[in-house]
Protein chains: 2
Amino acid sequence: MRRVTINDIARECQTSKATVSYVINGRYNKVSQEMVEKVEKAVKDLGYVPSLSAKSLAGRESNLIGVIIPQMDVGEKLVFDNPFYSEFLSGLEYYLRKAGCGVVLSVINKHNGFEEMIKKWNLDGAVVFGIDNDKMLDSLGKYRFPVLLIDSYITKTGYHRMNIRDEEACYEATKFLLHGEQEPIALVTGQYEKSGLLQQRVNGYKRALCEAGCEVDLSLIYQGDITHEYGMEAAEKILKRQGVNKILATADILAYGILNQLQNHGRKIPEEYEVMGFDDTYQSRNMYPRVTTVGQNILKRGEKAGELILKIIGGQQVEKENYMDFQIIERDTTR
Amino acid sequence: MRRVTINDIARECQTSKATVSYVINGRYNKVSQEMVEKVEKAVKDLGYVPSLSAKSLAGRESNLIGVIIPQMDVGEKLVFDNPFYSEFLSGLEYYLRKAGCGVVLSVINKHNGFEEMIKKWNLDGAVVFGIDNDKMLDSLGKYRFPVLLIDSYITKTGYHRMNIRDEEACYEATKFLLHGEQEPIALVTGQYEKSGLLQQRVNGYKRALCEAGCEVDLSLIYQGDITHEYGMEAAEKILKRQGVNKILATADILAYGILNQLQNHGRKIPEEYEVMGFDDTYQSRNMYPRVTTVGQNILKRGEKAGELILKIIGGQQVEKENYMDFQIIERDTTR
DNA sequence: TTGTACGCGTTATCAA
DNA sequence: TTGATAACGCGTACAA
C-alpha cells in the first residue's frame, strides 16, 4: 500500500500542494472556506499524515527535542534503571507530546556525541542532564543552539538552567534529621569531587552541622557509586560505628540499600536508625518502611523542562536560572 | 553556523555528491582508495553528519523503530512509572542503538494512533505491547508492516510475537508456593477478562491448584488495578481471612503493595505470610525483604525484541512465536 | 565516477 | 482574497 502524500490530496481536491499545505497548517486566511473543508475531508478519507522527514527537511524546524544523558561512567545499558530519569522523562515526554513534539533520547559517552546528535536529527533544542565540565557545551556555543541544562553546576554563563537549590535542600534535610539535637549524621553519597550537584549537597550538610554546633567529621562521609549496592556497603560500615544512628543519603537509591542492609541486621527503623533519602523517586512511596526524603517532584520538573525548552526555542524571554521547589517529605524512616 | 551538507563535502573534495554518499555508506568498491581518504578527512574536518530526515526521505528506510504502548485505560502520563516498560526499553534501546537505529516512543490511546505514528515517522517497523483486540492491528495488515507483538494473546494469526509461557510460569509459581502442601493461595491480579496475558496466568494458577488437589476458591482471586495501591487494598482484605497465608501476585508492583500492607500490620514475612510476585522488576531486588518472584529477564527480553524486529524488517526468516525463558527466583518473601 | 531525477513538504513569488 | 507555480532542502540510486 503506497504512502499517501500531499500530492494525492492535491489531486483529489483538484488543487495544488501549496493549498493543501496551507490548510494543514491552519493558514486559513489563504484559503477559502469550502476548500478547507474539501481538503480536510480528503485528508481524513485517504488517511493522510504528513511525513516528519519531509517536513523537517523542508521547513526550518523538526519538532524534535533531544534528551541527552551523558554517561561516561556507568554501563551504557542502564538508562532507565535510574528511576530519576524515568520519572523525569515521563513528565517531559508527556508535556512535549501534548505540544506536538517528539523526544529523541540519547545516551552520550563521547565528547562530540552531542553535536552529532543535533545534526543527525535536526533537533530544535535539547534538554541536557548533569553536565559539569563545559567541553561538551563549547561546540554548542557556536551554534547558538537552544539548550536547557538540568542539574548542572557549570560555571560558564549564558546557558539556561533548571535546578533545585541543592545546598539549601540538603541543609534543610540535615537540619530535619538533627531534630535540634547534636548527634552525628553519616552522609552517604556519590563521588562528589566530580559532581557540582553533590558538592552543593555536601556543603549544605556541612553548613547545617556547623550551625547546630556539631563538628564535621569527614570520616562520616561515605563516597561511592550511586547504587543500591553501595548503599548496602556503606551501611555495613556505619553499623560498626558506635553512636552513629542517623544516615542521610544524597540519592534515594542509596537510601534503599542502606535500609535493606540495616534491616538485614535486624535493626529497627526508625527507632534504632533514622534514614533519609533524596529525590523522592517513585519507589520511596512503595518501600516498607516508606522512606523519608527530600521531594523534588520529579514528574513536574520534567513537565516544566518541556515548557522551558519550548520557550527557549521559541525565542521567548526565559530566566537563565530556574529554581524549582523542594520539600521535606516526612514518612516512616525518621522519627 | 550553517549546516554542513553532503554538497559541502563534495565541493571540498572536488567530487560529486554520489561519490561522497558511497564513501559514507561504505561502498568502497565504487570509489578509489585515495578518494575515500580525502572524503573521510573532509567529513571529519567539517564535522559533517548526514541528516536523518533527508536520508529517510530519499531512501526507503528511516532506521526508526516505533515502540508502541497502548493505554486506553490508565492516565496517559505515566509511561515510565511502570518499571516493566522502563527496563524493557532499556534493553531494546540499547540493542537498537548499537545497530544504528533510533527508537520513537509512543503512547497510543486512539484506534488510529498506530497508523498515524507509522506514517508520521516513516517507521521501518514497530514493537507493540500488550494488544488483545485486533482492531488496531487490522489497519496494519494492509501494509504488511513489520510488527513484533509483545505479550499479546491475539487470536489472529500471521503476526510475529514474543511472549513468555505465562500459563506455565504461573503454574510453576503456584506450585512453588504450595511447597507440596494443600493450603489456599490468594491470587492478586489485574482485571483478567480484558487481558489475555492475565487469563493465562490465572489459568496456570488454577491448574496448579487442581493438580495439587486444592479446591479453586474464586473468592481468593482479587482483581483490581495493577498498582501499588490496589496491592495494599487486596492485602487488607486478605488479612481478614483466616487460614490464608500465601499470596501470589501477577505483577511485582502488586506484591510490593501487599508486602507493605502486611508489614504495616506487623506481620512477619515469610513466617506468617508468604508473598510472591511476577516479572522480577528491578525494585524486587531492592526491597526489604527481597521479593521472591517469577523472573523474565526483562532487560534481555528487550534486547531480544530489538534483534527480532530488525530481522523481521530485514525479511529474514523468523519464528512467528518466540517464547522466552522464565525462572522462579527464590528470595526472602517465601520459605 | 558523475550527472540528475526523485521523494515530500514549505514558502516566496506571481497571477487571477 | 484565493490559488498556482516553482525553487529549495539533503541524500539516494540509476543511467550515462
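Numbered from 1 within each chain, the chains take letters A, B, ... in sequence-line order.
- To the nearest angstrom, C1' of C:dG7 lies 17 Å from NZ of A:Lys55.
- Map A:Ala54 and A:Arg60 each onto its nearest nucleotide of DNA chain C; the residue landing nearer the 5' end is A:Ala54.
- A donor-acceptor pair under 3.5 Å is formed between the side chain of B:Lys320 and the backbone N or O of B:Gly158.
- Using five terminal pairs a side, the axes of the helix from C:dT1-D:dA16 to C:dA16-D:dT1 at its two ends make an angle of 50°, given in steps of 10 degrees.
- Residues satisfying the side-chain contact (heavy atoms from CB on, under 4.5 Å) criterion with B:Ser56, sequence neighbours excluded, are A:Ser53, B:Ser62, B:Asn122.
- Nucleotide C:dT10 holds its P atom 10 Å from the CG atom of A:Asn63, rounded to whole Å.
- The neighbour count for A:Lys44 NZ, taken as heavy atoms of other residues, nucleotides or ligands under 6.0 Å away, does not exceed 12.
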Under 3.5 Å, N/O pairs linking protein and nucleotides 13-16 of chain C:
none

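- With hydrogens and angles disregarded, a donor-acceptor distance shorter than 3.5 Å links the side chain of B:Glu87 to the backbone of B:Tyr282.
- Contacts between chain B and DNA chain D, taken as any atom within less than 4.0 angstrom of a protein heavy atom, begin and end at D:dC10 to D:dC14.
- Across all strands, A:Asn29 comes closer than 4.0 Å only to sugar-phosphate atoms, never to a base (heavy-atom distances).
- Among the atoms of the strands shown, none is found under 4.0 Å from any heavy atom of A:Tyr28.
- In this structure, A:Glu34 places its CD atom where only 12 or fewer heavy-atom neighbours from other residues, nucleotides or ligands lie under 6.0 Å away.
- One atom, CG of A:Asn122, and another, C1' of C:dG9, lie 14 Å apart when rounded to the nearest Å.
- Here the CD1-CG distance, from B:Ile312 to B:Leu310, works out to 9.5 Å after rounding to the nearest 0.5 Å.
- By the side-chain contact (heavy atoms from CB on, under 4.5 Å) test, B:Glu307 pairs with B:Tyr95, B:Lys304, B:Lys311, sequence neighbours left out.
- Remark: A:Asn7 is not in phosphate contact with C:dC8, judged by side-chain N or O atoms under 4.0 Å from OP1 or OP2.
- Using a 4.0 Å cut-off on heavy atoms, the residues of residues 11-21 of chain B that approach DNA chain C are B:Thr15, B:Ser16, B:Ala18, B:Thr19, listed by number.
- Ion pair B:Glu115/B:Lys119 flagged as a salt bridge, since at least one NZ, NE, NH1 or NH2 atom sits closer than 4.0 Å to an Asp/Glu carboxylate oxygen.
- Distance alone, capped at 3.5 Å, is enough to place a donor-acceptor pair between the A:Asn163 side chain and the A:Ser152 backbone.
- By the 4.5 Å heavy-atom criterion applied to side chains, A:Arg301 and A:Phe84 are counted as neighbours.
- With respect to the salt-bridge test (charged N to carboxylate O, under 4.0 angstrom), the residues B:Arg97 and B:Glu93 qualify.
- Among the nucleotides C:dT11, C:dC8, C:dG9, the one closest to the side chain of B:Leu57 is C:dC8.
- Of the possible polar contacts, none joining the B:His160 side chain to the B:Glu321 backbone as a donor-acceptor pair under 3.5 Å is found.
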Please step through side chain to side chain contact (heavy atoms under 4.5 Å, CB included) for the pair A:Asp325 and A:Asn297, ending with a clear verdict.
CA-CA 8 Å; A:Asp325 290 338; A:Asn297 212 330; over 6 Å; no
